[in-house]
Student: 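Sharing a structure with you now.
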Amino acid sequence: MAKILNIVETAYRGTLEEQDDTVLWLTHMLKNAGADISVLLRANAVNYAVKGQDASGLQFGDAKMTHPPEIDKDVEKMIEKGVSIYIVEEDAQERGLTDDDLLRGLRRIRRQGIPQLIDEHEQVWHW
Amino acid sequence: MAKILNIVETAYRGTLEEQDDTVLWLTHMLKNAGADISVLLRANAVNYAVKGQDASGLQFGDAKMTHPPEIDKDVEKMIEKGVSIYIVEEDAQERGLTDDDLLRGLRRIRRQGIPQLIDEHEQVWHW
Amino acid sequence: MASGKTITVAIMDAPYESANSTTALRIVQSALQKGHNVTVFAYEGAVNLTMKAQAPHPNPVKGTNVEQEAHPTTKDWVSSLFKLAKDKGAKLDWVNCGLCVDERGAGDWVEGPRRGGPKDFLDASNASNATLVIPTK
Amino acid sequence: MASGKTITVAIMDAPYESANSTTALRIVQSALQKGHNVTVFAYEGAVNLTMKAQAPHPNPVKGTNVEQEAHPTTKDWVSSLFKLAKDKGAKLDWVNCGLCVDERGAGDWVEGPRRGGPKDFLDASNASNATLVIPTK
Amino acid sequence: MAKYLIIESRDPFDSADSEYFAELVQGIAKRGNETTIFFIQNGVLPARKGSKYNRVIADLVKGKVKVMADRFSLNERGIRQLADGIETADTDRLVDLLLEPGTKAIWH
Amino acid sequence: MAKYLIIESRDPFDSADSEYFAELVQGIAKRGNETTIFFIQNGVLPARKGSKYNRVIADLVKGKVKVMADRFSLNERGIRQLADGIETADTDRLVDLLLEPGTKAIWH
C-alpha cells in the first residue's frame, strides 16, 4: 500500500459552513479506510495546530450554529489515531506561533527537510 | 448618478467556461444600463489588455468550443462604448508587457496615481 | 425597528467554498438586526446559496447521524435571515443573477429570493446608503 | 485503443469558477484519447459540474440568442467525455462525493457519474498508474 | 475628503498583493481621507503579536489609518495577543462604519 | 531516485507561495530526482520574456529542472516570446509524463 503525504496549505476555506476543514476530513476518512497517510501542515495551515481555536457564536436569524468547526480537536483526534502530523517550523514562527500556542504530538520539520519527507512518500497530494 | 470605478485584479478565473471575464461582462451590462462606470485593470488583469489573446481549440469528446472567450475584443468594445479603461503601468512592465503588446485606447496610470483615481469616484468596487 | 437605511451587498462565492459567504451572511445579519434594509446581489457561484435541494448530512468521521451533526445549510441560513427581516420590519431583497442560475442549474430555490440581473444591482446601489462588493479570487 | 493504464484525478472546484475545472477536463480528454482509463473523484464544489439542470444562456452584451452564443455547460462536456471513453474502449469512472452532493443539492446529474466517497478515491488511486490531485484555493 | 472603509480579507503570507495593498491604503490616508482598515477572515493573521508582518500594521497606525480586527476571526484562529494599535470589533460595528455618510467601502 | 512532475498553476505576481515553491522544486531536484515543472493557467505568466520573474525560471533551468509551459495557456494570454529554457507542451504530453513509471505528480 502506498505511503501518502497530504500537504495542507489553504486554511479556513469554507470551514464554517463545512464544520471542519474538508482536506483534514478527507484525510481522516482515508485513514479510517486503511490508508497509510501523513499530513504536512504548511503556510497558513500551520494555524490548524493552534490550541483553543473557537468558532462558536454564529447566528443567522434564529438559526444558531450549534456545532461550529473545532479544527484543533480534529487535529488532535488524528494524532491519537496514529496519523503523523508534520508542521513547518519557519511557517509557524513567521506567524508568531510559539511552542506554547501549539498542540502536543506534532512533528516539527524545517523547510529544508521537506524534499526528503516528500521523497519518503509514494503519493504526495498538495491541497 | 454615482461615478463607479470597477477595479479588476483577478484574471482568467473561469473565463473558459464563461466565454468571458465575469467582471468585465458585468461592467459592460452596467454601462448598457446607463451607469457612469470606468475600469482599472491592475495586477494580473493588466493581461486582459494584451492584443491577440487566443483561447481557441478546446474540445471535449465531440463537443468543440466554438465560441471561446475573446477578452481583448471585449475590452476593445468597452473602450468603443466610452468606458475609460485604466491600466497600471508598473503592473504591465513587471509582466514583460510593452506598448506594442497592448491595445490602443487604454489610459495609463502609475501606482502612485491610484489613490487620486479612487478619490475621483463615488463608488469603488474592487473585484 | 426599521431604520429606513439600505445596504447593498454583492457576493460571488459558491456555498461551502469560501469564508466570504459566511462573512457576507454575518454582515446581512448585523444590518437586519439593526433594522436596515438589505439588498443582496448573488452573482455567479453565489446563486447556489439558496438551492432548495440542499440537505444536511451525517458525519462518518465523528460517527454522528444527521440530527446529532446539525449540519447547517446555506439555504436555511438565508431563510432565517428573511424571517429576521420580517420580524424587524426591514426588507431583505435577495436577487439571484438569472444567467448565472441557468448555467448552474440553480433555479429551484427557497422562498424569498427573486431572479434579476446587473441592472437590479445598479438600481439597488444607486438607491442605497452603502454598497459593498465582496469578490471572489 | 485501450492502453490498460489508469489515471485517477481528484478535483474540487465548482463549475464556472476556476481555470482548474477546464484544465482537469482537458487532462481527462487527453488521457481518454490515448485509450487510458480515468477515474475522476469530484469532491466538494466539483460535484456541481455534472448537474442535469444546467442550461445554456444567451448573451445580452453581444446581443446573441441561445443558439448563436453556443454557451457550453460543464455537464455537456462531461457527457461528451463519457462518449469518448466508450468510443476508445476505455473506462471513465466519475465518482461524485455523496455528502458533498447532499449539502449542495446537486444530486440530479447526467448519465454516467456514480455516488461514492473518499474510500472510492483511495481504492482508485491504489489501482492506478498515476494519481493527480487538483486542489482549490 | 471622504471616509474609506477598507476590508482586508487577505493576508501577506498567502497573497502577494497584500503588502502593496497596505501601501495603497496609506496613499489614500495621505490624501487626508479618514481611513479605516478592518481585518477579517485570514486577514487577521498578521495581527497576532510576533508575526512577521506586525511592522506593516505599525506603519498603518503611524500613517493615521485606524486598524480594526474582527473578533470572531481572531477567536476562530486562536489569536489571543494582538500587535499594538489594533482595536477588536464585530460585524455590527462594520455595518455602522459602512453607513457613516460619505463612506466608500472597498473589500480586498 | 524518483521522477517528479510538478504542475504549477500559480504565479508569483499573485501568490506569495510561488517563489518558495520554486525553491522546494529545486530542493527536490538537488536530491537527484528527475524533476519537471509544468506551468499551466496563470502559472505561465512569469514565462513571458521580460517578466520580472524570468530569473526564477533561469534558476530552475540551472538547477537541472526541466521547464515546460502549456501552449494553450500561453496563447490564451497572448504570450508569444518566452524566457530561455522553456519547452512548450500540451496536456497530451502532460498525460505521458504522468504515466512514466515512478512519477509522483504534485499540483500547486
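The sequence lines fix the lettering, A, B, ..., with proteins before strands; numbering per chain opens at 1.
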Student: If you count heavy-atom pairs under 4.5 Å with chain F, which of Thr22(D), Ile7(D), Thr6(D) comes out on top?
Tutor: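 Option with the top pair count is Ile7(D).
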
Student: Please look at Thr131(D) and chain F and tell me whether the side chain, the backbone, both or neither of the residue comes under 4.5 angstrom of a heavy atom of that chain.
Tutor: backbone

Student: Please state whether the side chain, the backbone, both or neither of Ile27(D) comes within less than 4.5 Å of a heavy atom of chain F.
Tutor: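 When you check distances to chain F, atoms from both the backbone and side chain of Ile27(D) fall under 4.5 Å.
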
Student: Name the orientation class of the two ring planes belonging to Phe82(D) and Trp94(D) (parallel below 30°, tilted from 30 to 60°, perpendicular beyond 60°).
Tutor: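 If you compare the ring of Phe82(D) with that of Trp94(D), the planes turn out tilted.
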
Student: Does the pair Glu19(F)/Arg55(F) count as a salt bridge with the N-to-O cut at 4.0 Å?
Tutor: yes

Student: Distance-only, no hydrogens or angles: does the Asn37(D) side chain make a donor-acceptor pair with backbone N or O of Lys91(D) under 3.5 Å?
Tutor: yes

Student: Among Glu87(F), Glu34(F), Glu100(F), which residue satisfies the salt bridge (Lys or Arg N to Asp or Glu O under 4.0 Å) criterion with Lys66(F)?
Tutor: Glu87(F)

Student: Between Asp13(D) and Thr136(D), does any side-chain donor sit less than 3.5 Å from a side-chain acceptor?
Tutor: yes

Student: By a 4.5 Å heavy-atom criterion (distance strictly below it), what part of Leu94(F) contacts chain D: side chain, backbone, both, or neither?
Tutor: side chain

Student: Side chain, backbone, both or neither: which part of Asp70(F) has an atom under 4.5 Å from a heavy atom of chain D?
Tutor: side chain

Student: With chain D, which of Thr103(F), Ile106(F), Asp96(F), Leu5(F) has the greatest number of heavy-atom pairs at distances under 4.5 Å?
Tutor: Asp96(F)

Student: Highest number of heavy-atom pairs under 4.5 Å with chain D: which of Arg10(F), Gln41(F), Arg93(F)?
Tutor: Gln41(F)

Student: Are Arg115(D) and Asp102(D) ion-paired here, with the side-chain N under 4.0 Å from a carboxylate O?
Tutor: yes

